[in-house]
Visitor: 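Structure in structure tokens, see below.
Numbered from 1 within each chain, the chains take letters A, B, ... in sequence-line order.
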Protein chains: 2
Amino acid sequence: MSSTAHRPPGALTGPEERRGPGRPTLEEVAALAGVGRGTVSRVINGSPRVSEKAKAAVEQAVAELGYVPNRAARTLVTSRTDAIALVVPEAETRLFSEPYFSDIISGVSAELADGDMQLLLVLVRNQRERDRLSAYLRAQRVDGVLLVAVHRDDPLPTVLEDLRIPSVLAGRRGDQEPLSYVAADNAGGARMAVRHLLRRGCHRIATITGPLDMEVAQARLGGYRAALEEAGRQYREELVGLADFTEQGGRAAMRELLARVPELDAVFCASDVLAAGALQELRAAGRRVPDDVALIGFDDSIVARHTDPAMTSVRQPIEEMGRTMARLLLEEIADPGRARRQVVLATELVVRESA
Amino acid sequence: MSSTAHRPPGALTGPEERRGPGRPTLEEVAALAGVGRGTVSRVINGSPRVSEKAKAAVEQAVAELGYVPNRAARTLVTSRTDAIALVVPEAETRLFSEPYFSDIISGVSAELADGDMQLLLVLVRNQRERDRLSAYLRAQRVDGVLLVAVHRDDPLPTVLEDLRIPSVLAGRRGDQEPLSYVAADNAGGARMAVRHLLRRGCHRIATITGPLDMEVAQARLGGYRAALEEAGRQYREELVGLADFTEQGGRAAMRELLARVPELDAVFCASDVLAAGALQELRAAGRRVPDDVALIGFDDSIVARHTDPAMTSVRQPIEEMGRTMARLLLEEIADPGRARRQVVLATELVVRESA
DNA sequence: TGTAACAGTGGGAGCGCTCCCATTTGCGGC
DNA sequence: GCCGCAAATGGGAGCGCTCCCACTGTTACA
């Protein structure tokens, strides 16, 4: 008696309890407003072919009853779901240790806030879940898909393409991406970073790049190269360190670079985490940052602000990317015939102490 | 003609196109299997009252047609939605800069992967969105709710309680939490940290705490106090610095502590970010860490691994918390009458260089 | 052989909505 | 005052499923 719930302790409650008074239906709203079902439906869905009088009566009734349309019933007949999925291949743990993921969500959610669209989160961590997702998509359980972190050979975008499901990628697979996407100007950001190093008077600028099957890594490397060449410097393979996007990767690549080109005086890293690893290695090798070696990261993630010295880094407008993705997707859902759209957002160099 | 889609460019396509061949329905499966709709439904839903023969025929037909049940139709009649919402009050940007949020999602998603439950992500960033969420919940659009980051006076848990919606909190509002929750052993973790400092021979151990309207902050402060008292030390107000969970907060609190108790030789911080701020301030004040002042954080977030010196910190099993939350919620949905459950998971001290 | 008891089954009803067609209403022009 | 057109409206049909009741066939027991 004195415990939490006020329910009778019995197992199966009566039918009264089971369905309660129930939420009001269209029919009830129609009755109260003194109009037909059709008219209520028109008002709810914002059709223009309703008289002011009827509209007012319906709105009054809706307010009075606290009517909220039953989504399932609507979906059943329209076969719209009013839901989109944000798909995250979880192999990308990289994403998870950075604000990237959260900022994307934040942006997407902000854009969706005003509409009535639900955001479904789908993590894919292995082949089984990939298959499930395909079945899921085929079953038309969402109106559209946002896909984060695409690798060059990721099969998912192809599935989306074949199924003709409206979709927007964060990033792209290559420079011939047929699907809609939103990307940061990775090449431009990298170029800015390297120009900054050049202006500082650095002569031997190395780079540590991410996995080259990802377009982001390619683009950042491309920007590095472009900046060197536009300054009349030669692009040299020996100055390029390869790594995955992990701290260990950064350390290992830095070690190799130091062994290969001991006289290097700057490193542009394709991510902050990479740069953090490189920083540790530089310190271990007795190099001072930025005095002996200048260092720039990419992402402007939380890590960049907490290293010592604080890291100069290239910022991408991640939340805005999220917002843009959501907007493009909604447009594509509204008009599936439209041409795919591709948006590249500007990056920005945040100068701190490391360069 | 040469453009992307193969659809005719006209506005409204014929009925053939609009509904296409359509996904197979229960009825079609029944026809192919040579049984009635009821029997197919029973097989799909795993009812035991079906003959082996019928079951086999249905399964064969399902496979052949690639049948997937229409969720909306099911929801319409059962008024189950097979969806749960993960609600995140976005004011907690704190969560977003740490892996916390991602790990929770990861855990929840792992637990959900096998079932057919959808995960909806709902960010709430202001009063308007709060109201929308309430309407949403009232409209029974989800079977249950996971709520992250609860403040003592958060109205949301109360709404959930009143609506009798199955729900599980991450953390609790106070020590008399009526709803189900999963929390880390914050007090225990704090106690471990302080004991560690005591063992190290520290004499003047200060703490920097988070906002005291959050139970986590209270609990960590409580653990600090308990460890001191069990060692026969006195708990002294002047050794307690108040902050929000930000880096600036940590810096400010550290500055005040140093002014008030210059001879302090250790600080236990209620979060890593706080500790990172404190670390900066200590360095600015010329104190060496850990030699002059030992420092411990909480969360074992990515920040802890990248400070210099690397931070000793209390780890919480966040992903497991996510998994447990999802499990408890599913159980509560399956049996709404059951008593609320509360789970506290152990924390662990990760010793690095700062203490 | 009659008769329960029961597992197994088919299919009607109905969930709450949108779509669409048939009907009603309003109104300007002759 | 009447006709015709357009705007506004009501409500039947039907989306694909589950629930449940009525029915069949089988088995066990008197």
Visitor: Which residues pass the side chain to side chain contact (heavy atoms under 4.5 Å, CB included) test with B/E331, sequence neighbours left out?
Guide: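 Side chain to side chain contact (heavy atoms under 4.5 Å, CB included) check on B/E331 returns B/R327, B/L328, B/R338, B/R341.
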
Visitor: Where along residues 54-72 of chain B does a heavy atom come under 4.0 Å from DNA chain D, residue by residue in number order?
Guide: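 B/Y67, B/P69, B/N70, in order of number.
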
Visitor: Between B/S79 and B/Q140, is there a side-chain donor-acceptor contact under 3.5 Å, judged purely by atom types and distance?
Guide: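 B/Q140 vs B/S79: no donor-acceptor pair found between side chains.
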
Visitor: Could you tell me which non-hydrogen atom of B/D114 sits nearest to which non-hydrogen atom of A/R132, and how far apart they are?
Guide: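 Of all heavy-atom pairs spanning B/D114 and A/R132, the closest is O-NH1, 3.6 Å.
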
Visitor: Applying salt bridge (Lys or Arg N to Asp or Glu O under 4.0 Å), can you list everything that pairs with B/D131, at least two apart in sequence or on another chain?
Guide: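 Partners of B/D131 under the salt bridge (Lys or Arg N to Asp or Glu O under 4.0 Å) test: none.
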
Visitor: Near DNA chain D, under 4.0 Å by heavy atom, which residues of residues 36-52 of chain A?
Guide: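 Within this stretch, A/G36, A/R37, A/G38, A/T39, A/R42, A/R49, A/V50, A/S51 sit under 4.0 Å of the strand.
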
Visitor: Just how far, in rounded Å, is P of C/dG11 from CD of B/E28?
Guide: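 For the pair B/E28 CD and C/dG11 P, the rounded distance is 16 Å.
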
Visitor: Under the side chain to side chain donor-acceptor pair (under 3.5 Å) test, which residues partner B/S109, sequence neighbours left out?
Guide: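 Listed in chain order: A/R125.
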
Visitor: For the CD1 atom of B/I105 and the CG atom of B/L86, what is their distance to the nearest 0.5 Å?
Guide: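 B/I105 atom CD1 to B/L86 atom CG measures 6.0 Å (nearest 0.5 Å).
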
Visitor: Which residues pass the side chain to side chain donor-acceptor pair (under 3.5 Å) test with A/R130, sequence neighbours left out?
Guide: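 Here the qualifying residues are A/D154.
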
Visitor: Measure across B/V50 and B/A54 and return the closest heavy-atom pair with its distance rounded to 0.1 Å.
Guide: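 Of all heavy-atom pairs spanning B/V50 and B/A54, the closest is CG1-CB, 3.8 Å.
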
Visitor: Distance check needed: D/dC17 P versus B/R23 CZ, whole Å only.
Guide: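 The answer, rounded to whole Å, is 8 Å.
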
Visitor: What nucleotide among D/dT18, D/dC17, D/dC15 has an atom nearest to a side-chain atom of B/T78?
Guide: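 Shortest atom-to-atom distance from the side chain points to D/dT18.
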
Visitor: Using atom names, set out every protein N or O paired with an N or O of nucleotides 24-27 of chain C below 3.5 Å, distance rounded to 0.1 Å.
Guide:
none

Visitor: Tell me the interatomic distance from B/K53, atom NZ, to C/dA7, atom C1', rounded to whole angstroms.
Guide: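 To the nearest whole Å, that distance equals 14 Å.
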
Visitor: Which whole-number value in Å describes the distance from B/R141 CZ to C/dG16 P?
Guide: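 These atoms are roughly 14 Å apart.
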
Visitor: Would you mind reading off the distance between B/E27 atom CD and C/dG11 atom C1', rounded to a whole angstrom?
Guide: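 About 9 Å, once rounded to whole Å.
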
Visitor: Give the angle between the helix axes at the two ends of the helix from C/dT1-D/dA30 to C/dC30-D/dG1, taking five base pairs at each end and rounding to 10°.
Guide: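 One end axis against the other gives 50°.
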
Visitor: Holding to side chain to side chain contact (heavy atoms under 4.5 Å, CB included), I want the full list of residues that pass it with B/P69, two or more places apart in sequence or in another chain.
Guide: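 For B/P69, the residues satisfying side chain to side chain contact (heavy atoms under 4.5 Å, CB included) (neighbours in sequence not counted) are B/I44, B/Y67, B/R74.
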
Visitor: Starting at CG of B/L76 and ending at P of C/dT18, how long is that distance when rounded to a whole Å?
Guide: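 Rounding to the nearest Å, CG of B/L76 and P of C/dT18 are 12 Å apart.
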
Visitor: Could you tell me which residues satisfy salt bridge (Lys or Arg N to Asp or Glu O under 4.0 Å) with B/R323, sequence neighbours excluded, listed by chain and number?
Guide: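 So B/R323 forms a salt bridge (Lys or Arg N to Asp or Glu O under 4.0 Å) with B/E319.
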
Visitor: Roughly how far, to the nearest 0.5 Å, is the OG atom of B/S180 from the CG atom of B/L169?
Guide: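 It comes to 8.0 Å.
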
Visitor: Using the test side chain to side chain donor-acceptor pair (under 3.5 Å), find all partners of A/E320 that sit at least two apart in sequence or belong to another chain.
Guide: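 Side chain to side chain donor-acceptor pair (under 3.5 Å) check on A/E320 returns nothing, list empty.
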
Visitor: For the pair made of CG in B/L26 and P in C/dG12, what is the distance, rounded to whole Å?
Guide: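 One finds 15 Å between P of C/dG12 and CG of B/L26, rounded.
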
Visitor: Please enumerate all residues that pass side chain to side chain contact (heavy atoms under 4.5 Å, CB included) together with B/L330, with sequence neighbours excluded.
Guide: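 If we apply the side chain to side chain contact (heavy atoms under 4.5 Å, CB included) test to B/L330, skipping adjacent residues, the hits are B/L112, B/M117.
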
